[in-house]
Amino acid sequence: MAEDLHVVQGNKEEQYRSLIPQIKGLLDGEPDLVANLANVAAALKEQFGWFWVGFYLVKGEELVLGPFQGPIACTRIRKNKGVCGTSWAQATTLIVPDVEAFPGHIACSSLSKSEIVVPLIRNSEVKAVLDVDSESLSHFDETDQRYLEEIVALIVL
């Protein structure tokens, strides 16, 4: 188990490449889902300094707030509502350069300007989503998508 997170400087890809083995170390041998989601959220927040990083878990017909780092968040999100609910319904990663332009965006915080949501899919079913918000417009791109998808694939649900 990793005890300290080594935060690296460099371009986005270098930061992800350094972070992924550390996340593997955090997850290795730990069976508790809440602990693992909490540590992944914390590692991402520490490395990148994003405004908000967290997980929503599928419970019935809603996404329910799970472990996160950042300001208080929306507690429940319906399927097809907002970026998280849409990502869940479509079972696909969504990159939103300007959340104000996203139809039906749920404004948990007016400080959030852009967002990426990555579904955690197991056995062809979305079980949770990773939600990341930035205070900057157009913050997320295909590099974030590729590495965040790799990171969520490491989580045992």
Side-chain angles (χ1 to χ4, degrees), residues 1-60 62-77 79 82-88 90-96 99 106 108-109 111-136 139-157:
M1 176 180 155
E3 293 183 14
D4 292 313
L5 184 69
H6 178 69
V7 176
V8 300
Q9 303 303 311
N11 68 39
K12 191 184 290 191
E13 191 155 344
E14 291 167 338
Q15 291 181 60
Y16 278 115
R17 286 185 181 168
S18 171
L19 185 61
I20 287 174
Q22 295 183 78
I23 288 175
K24 286 179 182 176
L26 289 169
L27 300 175
D28 187 40
E30 178 51 63
D32 188 82
L33 177 62
V34 172
N36 287 333
L37 295 179
N39 271 334
V40 170
L44 289 168
K45 175 85 167 156
E46 286 295 310
Q47 176 62 56
F48 294 102
W50 292 320
F51 178 67
W52 197 92
V53 181
F55 293 90
Y56 283 92
L57 306 172
V58 175
K59 295 192 178 186
E62 294 178 308
L63 291 171
V64 178
L65 182 64
F68 71 93
Q69 295 279 312
I72 291 172
C74 299
T75 304
R76 294 177 182 272
I77 300 173
K79 198 169 200 174
V83 182
C84 290
T86 303
S87 175
W88 171 26
Q90 295 177 0
T92 190
T93 298
L94 294 179
I95 298 172
V96 180
V99 295
I106 300 169
C108 294
S109 171
L111 297 176
S112 176
K113 302 296 181 206
S114 62
E115 186 170 2
I116 184 169
V117 179
V118 181
L120 284 74
I121 302 170
R122 303 297 184 269
N123 300 320
S124 301
E125 187 178 338
V126 177
K127 301 290 188 179
V129 299
L130 168 63
D131 181 20
V132 183
D133 292 27
S134 171
E135 294 172 293
S136 303
H139 188 92
F140 303 104
D141 59 22
E142 292 76 23
T143 299
D144 296 294
Q145 178 176 350
R146 179 172 71 247
Y147 286 106
L148 291 174
E149 287 175 351
E150 184 176 335
I151 289 167
V152 301
L154 299 172
I155 299 168
V156 175
L157 294 174

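Computed from a predicted structure; not experimentally measured.
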Approximate separation, where rounding is to 0.5 Å, of E149 CD and I121 CD1: 8.5 Å
Non-hydrogen atoms of I77 and W88 that approach each other most closely: O-CZ3, 4.2 Å
CD1-CD1 distance between I116 and I95, expressed to the nearest 0.5 angstrom: 4.5 Å
Close side-chain approach of C84 and E115, heavy atoms under 4.5 Å: yes
Derivation of the side chain to side chain contact (heavy atoms under 4.5 Å, CB included) call for R146 and E13: CA-CA 10 Å; R146 179 172 71 247; E13 191 155 344; 3.5 Å; yes
Donor-acceptor under 3.5 Å (D141 side chain, T143 main chain): yes
Closest non-hydrogen atom pair, W50 against L148: CH2-CD2, 4.3 Å
Partners passing side chain to side chain donor-acceptor pair (under 3.5 Å) against S87 (at least two apart in sequence or in another chain): none
Inter-residue atom distance Q9.CD - S18.OG, 0.5 Å rounding: 10.5 Å
Atom of W52, atom of P71 and distance for their closest heavy-atom approach: NE1-O, 3.0 Å
Non-neighbouring partners of D144 that pass side chain to side chain donor-acceptor pair (under 3.5 Å), sequence neighbours left out: K12, Y16
Distance, nearest 0.5 Å, that separates CG of L63 from NZ of K127: 13.0 Å
Partners passing side chain to side chain donor-acceptor pair (under 3.5 Å) against S112 (at least two apart in sequence or in another chain): D133
Shortest non-hydrogen contact between F48 and L19, atoms and distance: CE1-CD2, 3.9 Å
Minimum heavy-atom distance between G10 and Q15, given as atom pair plus value: O-NE2, 2.9 Å
Sidechain-backbone polar pair: D28 side chain, K24 backbone, donor-acceptor under 3.5 Å: no
Polar side chain donor-acceptor pair, Y56 to E62, under 3.5 angstrom: no
Inter-residue atom distance Y147.OH - I23.CD1, 0.5 Å rounding: 12.5 Å
CG on L130 to CG on L44, rounded to 0.5 Å: 6.5 Å
A43 to L26 - nearest heavy-atom pair and separation: CB-CD1, 4.2 Å
Any donor-acceptor pair under 3.5 Å from S134 side chain to S114 backbone: no
Test side chain to side chain contact (heavy atoms under 4.5 Å, CB included) applied to K113 and H139, step by step: CA-CA 9 Å; K113 302 296 181 206; H139 188 92; over 6 Å; no
Sequence-distant partners of P21, side-chain contact (heavy atoms from CB on, under 4.5 Å), two or more places apart: none
side-chain contact (heavy atoms from CB on, under 4.5 Å) involving K45 - partner list, sequence neighbours excluded: V53, Q69
Short side-chain to backbone donor-acceptor contact, Q47 and V8, under 3.5 Å: yes
V83 side chain reached by D131 side chain, heavy atoms, under 4.5 Å: no
Validation: residues 150-157 side-chain donor-acceptor distances under 3.5 Å, sequence neighbours left out:
none

Short side-chain to backbone donor-acceptor contact, E30 and L27, under 3.5 Å: no
